[in-house]
Amino acid sequence: MLLAVIRCVLAALLGVTLPERCWADQGVQPGLEIGQYPLDALPRVLPPRAAMPCDGSLVTYHGERVRYASPARVYPAFVARLRAFEALLSEQAIAHYGRVPRVLVHLGTQSCRRMRRYPDWVSEHALGNAIDVAGFDFGPLPAHAVAPEGLPRALRGSFSVRIAQHWHARGVVGSWQATFLHDLARALIARPDIFRVLLGPAFPGHQNHLHLDFAPYRVVEVFDDRDPATAKQ
Ligand SMILES: [Zn+2]
């Protein structure tokens, strides 16, 4: 068992195709294993002066269960990843707040560039295969909705929750917000068929958003060991 786990982790670190059972263990749906997604075959490492692969056709997505504050330009197959994200977000939001957010606020999807920290690598943003989620805006709790037990009064009206402000927040309301964000992140980490790469406050430059993408490798750096409330689990 341990050897199998080590083999899966090594394969992920080396960026090679993971054996199918590595994904089956994590509940990945058939067809979403590494190698099955249309962009998986595209090389991600680029020589210094090579042209960027930014000429793919993209679509504009506005969100369905949750409206996006600004339109998202994305690779067509990434739309299904975003729909799955909205479903999981809705479950978590109902559990924590009794309703689904009205608006998803993101910092961008498509940007033709290399990775800032690893310039030999194509950013998934270049392909429209990533989204930077900053937070969510909620409307008032509907009259028919069941409020979760202990929901602070301040969170029964309209409010915003943001990675930047609430990831490390304390106090009754603040910790409620932080717990929602952490539970959402943990639920996403448990679903590598939705996003394979998740970067958050633990990763440099990501204090104000969750970077979520579907690159052909697995990287998770979300929780920050500095804060015991968000220590890696
Ligand atoms: Zn990003």
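Given the structure is predicted, the values throughout are model-derived calculations rather than measurements. Indexing begins at 1, ligand by ligand and atom by atom, following the structure's order. Numbers here simply count residues along the sequence, with the first being 1.
- Ring pair H206/F203 is perpendicular by interplanar angle, where above 60° counts as perpendicular and below 30° as parallel.
- The minimum distance between the Zn ion (ligand 1) and any N, O or S atom of H211 involves atom ND1.
- At a cut-off of 2.8 Å, H206 does not coordinate the Zn ion (ligand 1) through any N, O or S atom.
- Contacts of R44 classified as salt bridge (Lys or Arg N to Asp or Glu O under 4.0 Å), with partners at least two apart in sequence or in another chain: E124.
- Looking only at its N/O/S atoms, D132 has OD1 as the one nearest to the Zn ion (ligand 1).
- Judged as a salt bridge (Lys or Arg N to Asp or Glu O under 4.0 Å), and not counting sequence neighbours, the contacts of R162 are D137.
- Side-chain contact between P53 and L127: present, with at least one pair of heavy atoms (C-beta onward) separated by less than 4.5 Å.
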